[in-house]
2 protein chains.
Amino acid sequence: MKNADLYRLVWMSRPLMQATEACVEAGLRETELTVRMRAVLEILREHGDLTVPDLAQRLEIKRQYVQVMVNETLTSGFTEQRANPRHKRSPLVALTARGRDVIEEIISREMALLDRISAGLDPEEIATALKVVLAVTDKMKQAAGDGK
Amino acid sequence: MKNADLYRLVWMSRPLMQATEACVEAGLRETELTVRMRAVLEILREHGDLTVPDLAQRLEIKRQYVQVMVNETLTSGFTEQRANPRHKRSPLVALTARGRDVIEEIISREMALLDRISAGLDPEEIATALKVVLAVTDKMKQAAGDGK
DNA sequence: TCATATTTGACATTATACTTGTCGTTTTGA
DNA sequence: TCAAAACGACAAGTATAATGTCAAATATGA
């Protein structure tokens, strides 16, 4: 088969995703976080305070469901609402001190796992893999878009 | 960040999977196939006749759900049951002529898409990407397994 | 061979991760 | 200013599974 490697590569996306999610989930045991709450905290940590619709855009998930995710983080005290100067009805969602501690701790443990995983791997090859995956994903999105 | 590329690579698995699935889905328009029926036909095409439990193992999905998928392909006439010399209760699932035609046609169109996608890419780099993704997936699975 | 454990198809229930639709209010922008 | 869009809240629906159970068939091992 001509594009056997590419074929295998794209079909590895699911196993890789599932394995990754399993690791994330395992890292969340013993904490009060769920995977979807973690996703919210992670973005807030990286991008600072955001509104729910902004979070939805970054997560590429519908705002109605992101609202649910965010509400869980609010209820659990990992985030809080702050006045949004740009929109009275749509407050900014911000990490609380506790939320920040928790997500930092989790991310740092995840980074330690990445250290162990990257141990036997050539950084150059990882960079190449990322480049290829980005390019393929981009072209796939285009192709899927055309088809519709 | 130390493992920034690896971090981005593993988190690209979801977008890549979604884009891939969107392409597969787009390729299934105008046919009577669903994505999950396609998955069954693809494996039968590659490995020949199999029982439902064998299919489940290859798909890494519980047999009860694979049974549903297979029953759909049976109902639609893409597969048929054949006597299984090794097990009277568990017949082999086999492609019908029509099923074979359909899956061959779809796969060949998918291959054409892969041709277009691989056009701008270096085969060596694709091979590297596959190697890295396989290694990372493997280590992730191990790590997730340990955690449990 | 016989008893017990496992496998299998069939069916039912539950779970997860979303999307879609709608409402009333607020905000925005021409 | 006023129509269109954005927003939070809530309800319902959908897709893709996992899980549980049963009865019949099969495999295993004493």
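Labels below follow one simple rule: chain letters A, B, ... track the order of the sequence lines, proteins then strands, and each chain is numbered from 1.
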Nearest to the side chain of A/Arg63 - C/dG9, C/dA10, D/dG8?
D/dG8

Rounded off to whole Å, could you give me the CD-to-P distance for the B/Glu72 and D/dA17 pair?
12 Å

Sugar-phosphate only, base, or nothing, as touched by B/Val52 at under 4.0 Å among non-hydrogen atoms:
sugar-phosphate

Indicate the atoms forming the closest heavy-atom contact of B/Asp49 with B/Ala94, along with that distance.
OD1-CB, 3.3 Å

Residue pair A/Glu60/A/His87 against DNA chain C: nearer the 5' end by closest nucleotide is A/Glu60

Looking at D/dG8, I'd like to know if its phosphate oxygens (OP1 or OP2) sit under 4.0 Å from a side-chain N or O belonging to A/Ser90.
yes

Residue mapping more 5' on DNA chain D - nearest nucleotide basis, B/Ile61 or A/Gln64:
A/Gln64

Are any of the side-chain nitrogens in B/Arg38 or B/Glu110 under 4.0 Å away from the carboxylate oxygens of its partner?
yes

Would you indicate, yes or no, if D/dT16 has its OP1 or OP2 atom less than 4.0 angstrom from a side-chain nitrogen or oxygen of A/Arg14?
no

A/Arg86 CZ to C/dT27 C1': how many Å, rounded?
11 Å

What is the distance, to the nearest angstrom, from the CD atom on B/Gln18 to the P atom on C/dA17?
13 Å

What heavy-atom pair brings B/Asn84 and B/Pro91 nearest, and what distance separates the two atoms?
CB-CA, 3.9 Å

Check side chain to side chain donor-acceptor pair (under 3.5 Å) between B/Asn71 and all other residues, then give those that pass, not counting sequence neighbours.
B/Gln67

C/dT8 P sits how many Å from B/Leu92 CG, rounded?
12 Å

note: B/Glu21, atom CD; C/dA17, atom C1'; distance rounded to Å ~ 13 Å

Can you check the B/Gln67 CD to C/dT7 P distance for me, whole Å?
16 Å

Whether the side chain of A/Arg89 and the base of C/dT25 hold a donor-acceptor pair under 3.5 Å is what I'd like checked.
yes

In terms of side-chain heavy atoms of A/Lys62, which of C/dT19, D/dG8, D/dT21 is nearest?
C/dT19

Below 4.0 Å: OP1/OP2 of D/dA15 and any side-chain N or O of B/Arg36
no

Regarding B/Arg98 and B/Glu32, does a basic nitrogen lie under 4.0 Å from an acidic carboxylate oxygen?
yes

Atom-pair distance (CD on B/Gln81; C1' on C/dA10), nearest Å
12 Å

OH of B/Tyr65 versus C1' of C/dT14: gap in Å, rounded?
15 Å

